[in-house]
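Note on naming: letters A, B, ... go to the chains in the order of the sequence lines (proteins, then strands), and numbering restarts at 1 for each one. What you see is a predicted model; the values in this text were computed from it and never measured.
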Number of protein chains: 2
Amino acid sequence: MARKTGSHSDITGPKIRAAALRLFARSGFAAVSMRQIAAEVGVQAGALYLYTPDKQSLLFDLMQSHLQDLLAAWRAQPIGADPHARLKAFARFHILYHLDRPDAVFVAYMELRSLTADNFARIEILRRAYEDQLEDILRQGQAAGVFQVPDSKLATLAVIAMLTGVNTWYRREGRLSPERVADLYADMVLRAVGVP
Amino acid sequence: MARKTGSHSDITGPKIRAAALRLFARSGFAAVSMRQIAAEVGVQAGALYLYTPDKQSLLFDLMQSHLQDLLAAWRAQPIGADPHARLKAFARFHILYHLDRPDAVFVAYMELRSLTADNFARIEILRRAYEDQLEDILRQGQAAGVFQVPDSKLATLAVIAMLTGVNTWYRREGRLSPERVADLYADMVLRAVGVP
DNA sequence: GTCTATATGCTGATAGAC
DNA sequence: GTCTATCAGCATATAGAC
């Protein structure tokens, strides 16, 4: 594609999104000004409005992209039919994927209240679609007699909360590798649903 | 104690704290103005500064009080020496106590980044003291051969994340009572640490 | 595509009247 | 103890020059 002289739109756009994500994660959506985002990118505040209609849309786009990418990545995972293997794969996938994107995860979980009602509803649909992936596994295992899950919805929420919690304390410099953490959590998850 | 005519300080103070907690939980610390808090209470913005030196102190006091109350309430629980019973009691206590104070819990977990460095450090000490209560139980059970917890710190964080997660989805109008949720979660926690 | 300049309004906090 | 009035600054978003 031809590009006009002096045009930076193909690089400035992503830079704005990256800067906004980092700042929203660190300080919170309401506490970050458009001027701060612009300063991080190296442009003036007015220039941001070439790439987003307003601040709210910027937040929504970041959250929507994160959840869409998450769903696509999980659906691209090679998984078999065995409930035990599927649950273990989900637990490991969830932790490793989330540990790789701490800022996006943080914003997607903490800034739900900063969304307008319409945008919140759209994000909720994506979040539920992801939860349903896990609930299907738990139901399948329960039906097969492999898991003991008296309430599959409750167990789904419990497992996801436990797995996502890793992001609140994990530090790259710590004593455990992501792989090790993922394995230890996968074991706890399996036991929690009744696998000895 | 004698009280001056026209003085409302003994009622306005708590009202300010209650309004601030509710608004901070709903919209986030940075998104709530002192004028909004004052309007909720029914006074003018300037009057708030008779009860708090600034907005930051108001947030810190709310978080500190919540964690101090939480620790005191747990320490007042009657618990025996059996690791199995102690862990079950902790899980049930954590869920029931937290479900009763959704706003305080929400603020204490979501607004950590809104604290100054000094205040953050003081809150972290309280939070760790509470986590240590659970870790002691897990270590005791591991030593007694009742639990299978290869990494007690990791298991502590996993269990707390799972239990606290209830607050993100529980609704009073829902199909499950707090007692029922607490029991179901206690079972999952016990299984997660290796109790059959 | 980015800049500067600007509009309109809200922010936390303080001073002084009552 | 509460009010009104106010300060100085920063917010989002837009208009028009280059």
Side-chain angles (χ1 to χ4, degrees), chain A residues 1-21 23-24 26-62 107 111 113-119, chain B residues 1-24 26-63 107 111 113-119:
Chain A
M1 264 190 262
R3 190 168 57 145
K4 288 187 199 158
T5 314
S7 165
H8 297 148
S9 75
D10 52 348
I11 176 72
T12 303
K15 277 171 79 175
I16 289 171
R17 290 165 56 88
L21 187 65
L23 290 172
F24 289 166
R26 188 184 309 156
S27 311
F29 174 74
V32 173
S33 71
M34 295 299 266
R35 279 173 180 75
Q36 278 177 271
I37 298 170
E40 279 267 312
V41 176
V43 298
Q44 292 299 313
L48 298 183
Y49 292 88
L50 296 169
Y51 300 92
T52 181
D54 51 34
K55 195 184 171 190
Q56 167 72 206
S57 301
L58 187 51
L59 174 64
F60 173 73
D61 287 344
L62 290 172
V107 169
E111 298 298 349
R113 66 187 170 185
S114 300
L115 293 170
T116 61
D118 278 2
N119 285 342
Chain B
M1 266 189 260
R3 188 170 58 146
K4 287 187 199 158
T5 313
S7 165
H8 297 147
S9 76
D10 53 348
I11 176 72
T12 303
K15 276 172 79 176
I16 288 172
R17 291 166 56 90
L21 188 64
R22 188 167 52 245
L23 290 171
F24 289 165
R26 186 184 311 155
S27 311
F29 174 73
V32 173
S33 70
M34 295 298 268
R35 280 171 180 77
Q36 277 177 272
I37 298 169
E40 279 267 312
V41 176
V43 297
Q44 292 300 314
L48 299 184
Y49 292 88
L50 296 169
Y51 301 91
T52 180
D54 50 35
K55 195 184 172 192
Q56 168 72 207
S57 300
L58 187 51
L59 174 64
F60 173 73
D61 287 344
L62 290 171
M63 294 174 70
V107 169
E111 298 298 350
R113 65 188 170 185
S114 300
L115 293 170
T116 60
D118 278 2
N119 285 343

- line: Those residues at least two apart in sequence (or on a different chain) that pass side-chain contact (heavy atoms from CB on, under 4.5 Å) with B:R35 are B:S33, B:A45
task: Provide, to the nearest angstrom, the distance between the CD atom belonging to A:Q44 and the P atom belonging to D:dA11.
output: 13 Å
- prompt: Who passes side chain to side chain donor-acceptor pair (under 3.5 Å) against A:D54, sequence neighbours left out?
  reply: A:S57
query: Can you name the residues that form a side-chain contact (heavy atoms from CB on, under 4.5 Å) with A:E40, not counting sequence neighbours?
result: A:A19, A:R22, A:L23
- prompt: A:I37 CD1 to D:dA13 C1': how many Å, rounded?
  reply: 13 Å
query: Of all residues at least two apart in sequence or in a different chain, which pass the salt bridge (Lys or Arg N to Asp or Glu O under 4.0 Å) check with A:R113?
result: B:E111
message: Any side-chain N or O of B:T12 below 4.0 angstrom from OP1/OP2 of D:dG1?
response: no
query: By side chain to side chain donor-acceptor pair (under 3.5 Å), which residues pair with B:S27, not counting sequence neighbours?
result: none
- prompt: How does protein reach along nucleotides 11-18 of chain C, written 5' to 3' as B (base within reach of a heavy atom under 4.0 Å), S (only sugar-phosphate), or - (no contact)?
  reply: BBBB----
